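Note sheet for the following structure.
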Amino acid sequence: MSKLEYTPVEEIPKIHADLYRGFRTGKTKSIEYRKDQLLRLAYLLQDNKKRFEDALFADLGRPHPESVLLELDPLIGDIKEAYGSVKKWSATEKVRFSPKWFPMGPAIRKEPKGVALIIAPFNYPVLLLLGPFASAIAAGCAAVIKPSELTPATSALMGELVSKHLDQDVYRLVNGAIPETTKLLELPWNHILYTGNGRVAKLVSHAAAEHLTPLTLELGGKSAVIIDPKCDLPTAAKRILWGKVANAGQICLAPDYVLVPRQFQDTFVAALQRAFNEFFPVDPLKAPEGTMAHVISDAHVQRLKRLLDATRGTIAIGGQVDAARRFIVPTVVKDVKTDDALMSEEIFGPILPVLPVDSVDEAIEIVNARDHPLALYVFTTDAKFKAKVFDNTQSGAAIANEVVIHLGVDHLPFGGIGPSGSGYTTGKFGFDTFTHLRATIDNPSWVDKLVMSARYPPYDRGAIQKLNKMSKPTLPPRPGSRPSLLKRWPLWLILALVGLVTKVKWRSIVGSAA
Ligand code: NAD
């Protein structure tokens, strides 16, 4: 296993200068070059899959199949999509025809923003670093990528492979913790993409503001689940519990808490218990390593234990903490109130509070009283219930009868709203994040001969009026006013046509009767 070595802080300004120099050579503008680097990145993953699985197991105790299913394969798929689409995505786009402007050939050039900084967290350390990195490569940017220090085995492996397989003139991986990230953030970048928690996001935002650097923030928060008793309960219970078991609930999209009708709470918890028994035929505390991921660090185990100790709810399932192994049994706490310790912060671990409510309106109020979540989940078979929840709330994503997996659904944007983040990643949306839309026209001289010369002094009222006539927008009728009958020409046209057809038909009937 590779050993993690932090990049010396004093080397960081040189890396930064090297990458700006590399970008200015223009090599990343070539689509063939981008495709070559993307393919190298995809093979870097495919050829070292087993090493990645082992590193993720070492860092997170994560079962191997989970790493393949939720991290490595979706990432390879995303890179393949970028590889196959980069030519189309990067093509200059002609704008919609406009009689006024078409002689100038208005178009949008899709250009790389420049040199990007990408900072990733620990929970999906490969996907969340190399996914945005692939988008930056596709967009033609140079990039420094900075993995989390909390996943030493995975970060060391990525450091080794990126330096071996990708062009070091324009792509560099910097390993380190707070001092290294702070140094990176002191420097000017053409775009920063930060994935992680809101507290650090504020530091990143301050640093970006110093240089007016554009910023994408992929954050987290408390993603709520609202349960309608009219749902497929066994499936709902399985999916929700899975959202807390996968990666030990350390997923930005994990269901954070559940709002359930008061009289339905015990039925719902009993369904969770049945799902738990199915998932863990052997007590998870005694099950072999690799049955379920563990919590990333001692500090996070202690944080989660503090929340559990402080709750005034009732532990209905699990509750055991093995601090030495950093393992927490998936835990369900019922009868939780909105002011409970478990509701004070994003849980980001295998603990699920269940809050009884008296109505769907109360559930909506609870969601709306908090920061907009990264995802809002509803389990129901009633379309009206679903519409009521989605139409009266805001969140990064609105998901019915599922949790978490929408991140992997092709062609959907991924991003939060407000404190759960801003900007988008994955697929074409990721490419757009690192792309500047550069407006362009090329105005031939003969256009002046037609009308445009009116703009030059000395001003000629007549010519200006002619120009104004061409470019003056005609507004629709004022709000509240009714368009005159004459202006309703489509209606008149339809009435006239109906009249004509009726007349012809009537004539033929009368004719044949005669
Ligand atoms: P983390 O501790 O690994 O930190 C993330 C990054 O920030 C790391 O690279 C780290 O080195 C850097 N960092 C930490 N402290 C810093 C400081 N003081 N100054 C500069 N850099 C610093 O991971 P985390 O932030 O605890 O990750 C968990 C959070 O990330 C959760 O809130 C989760 O919801 C969110 N998340 C969001 C997404 C998403 O795509 N929206 C995905 C995964 C995780």
Side-chain angles (χ1 to χ4, degrees), residues 4 6-7 9 12 59-60 70-71 74-75 78 117-133 135 144-152 154-155 158-159 173-187 192-208 215-223 243 246-256 295-301 303-304 345-349 371-375 395-397 404 406-408 412-426 429-430 433:
L4 179 63
Y6 286 4
T7 308
V9 171
I12 289 174
D59 288 331
L60 288 147
L70 294 182
E71 179 144 27
L75 174 57
D78 218 24
L117 171 64
I118 297 168
I119 303 173
F122 70 82
N123 62 327
Y124 283 87
V126 190
L127 178 73
L128 297 172
L129 187 77
L130 302 186
F133 180 40
S135 302
V144 164
I145 54 177
K146 157 64 186 74
S148 175
E149 65 278 24
L150 298 182
T151 50
T154 315
S155 299
M158 289 193 290
L173 186 145
V174 166
N175 261 316
I178 296 178
E180 292 74 15
T181 321
T182 306
K183 188 76 211 167
L184 285 167
L185 288 169
E186 280 170 15
L187 300 164
I192 298 177
L193 186 145
Y194 170 80
T195 306
N197 68 64
R199 184 186 57 79
V200 175
K202 287 182 189 168
L203 303 176
V204 174
S205 304
H206 278 291
L215 185 61
T216 300
L217 296 174
E218 294 288 345
L219 312 177
K222 290 184 86 63
S223 293
N247 212 34
Q250 299 164 112
I251 308 181
C252 53
L253 291 165
D256 191 274
V295 174
I296 187 68
S297 66
D298 294 336
H300 277 288
V301 173
R303 176 183 66 81
L304 290 163
E345 61 182 60
E346 178 184 1
I347 292 176
F348 216 59
D371 289 343
H372 301 321
L374 191 54
S395 59
V404 175
H406 58 280
L407 170 60
L412 281 183
F414 179 62
I417 173 168
S420 57
S422 53
Y424 304 95
T425 56
T426 68
F429 302 98
T433 289

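Read the numbers this way: they start at 1 and go in the same order the structure lists the ligands and their atoms. Owing to the predicted nature of the structure, the values given are computational and were not obtained by experimental measurement.
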(Q) Before you tell me yes or no, could you show the steps for F348 and D256 under side-chain contact (heavy atoms from CB on, under 4.5 Å), namely the whole-Å CA-CA distance, both residues' side-chain angles and the distance that decides it to 0.1 Å? (A) CA-CA 8 Å; F348 216 59; D256 191 274; over 6 Å; no

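- In terms of modelled atom types and a separation under 3.5 Å, the side chain of K146 and the main chain of G176 share a donor-acceptor contact.
- A distance of 9.5 Å separates CG in L128 from CG in L75, rounded to the nearest 0.5 Å.
- With hydrogens and angles disregarded, a donor-acceptor distance shorter than 3.5 Å links the side chain of D59 to the backbone of T154.
- Under 4.0 Å is where a charged nitrogen must lie from a carboxylate oxygen, and between K183 and E186 at least one such pair does.
- Using modelled atom types, no side-chain atom of S223 and backbone atom of L253 make a donor-acceptor pair closer than 3.5 Å.
- Protein residues are said to neighbour a ligand when one of their heavy atoms lies under 4.0 Å from it; for ligand 1 these are I119, A120, P121, F122, N123, L128, K146, P147, S148, E149, L150, I178, T181, Y194, T195, G196, N197, V200, L203, E218, L219, G220, C252, E346, F348, L374, F414.
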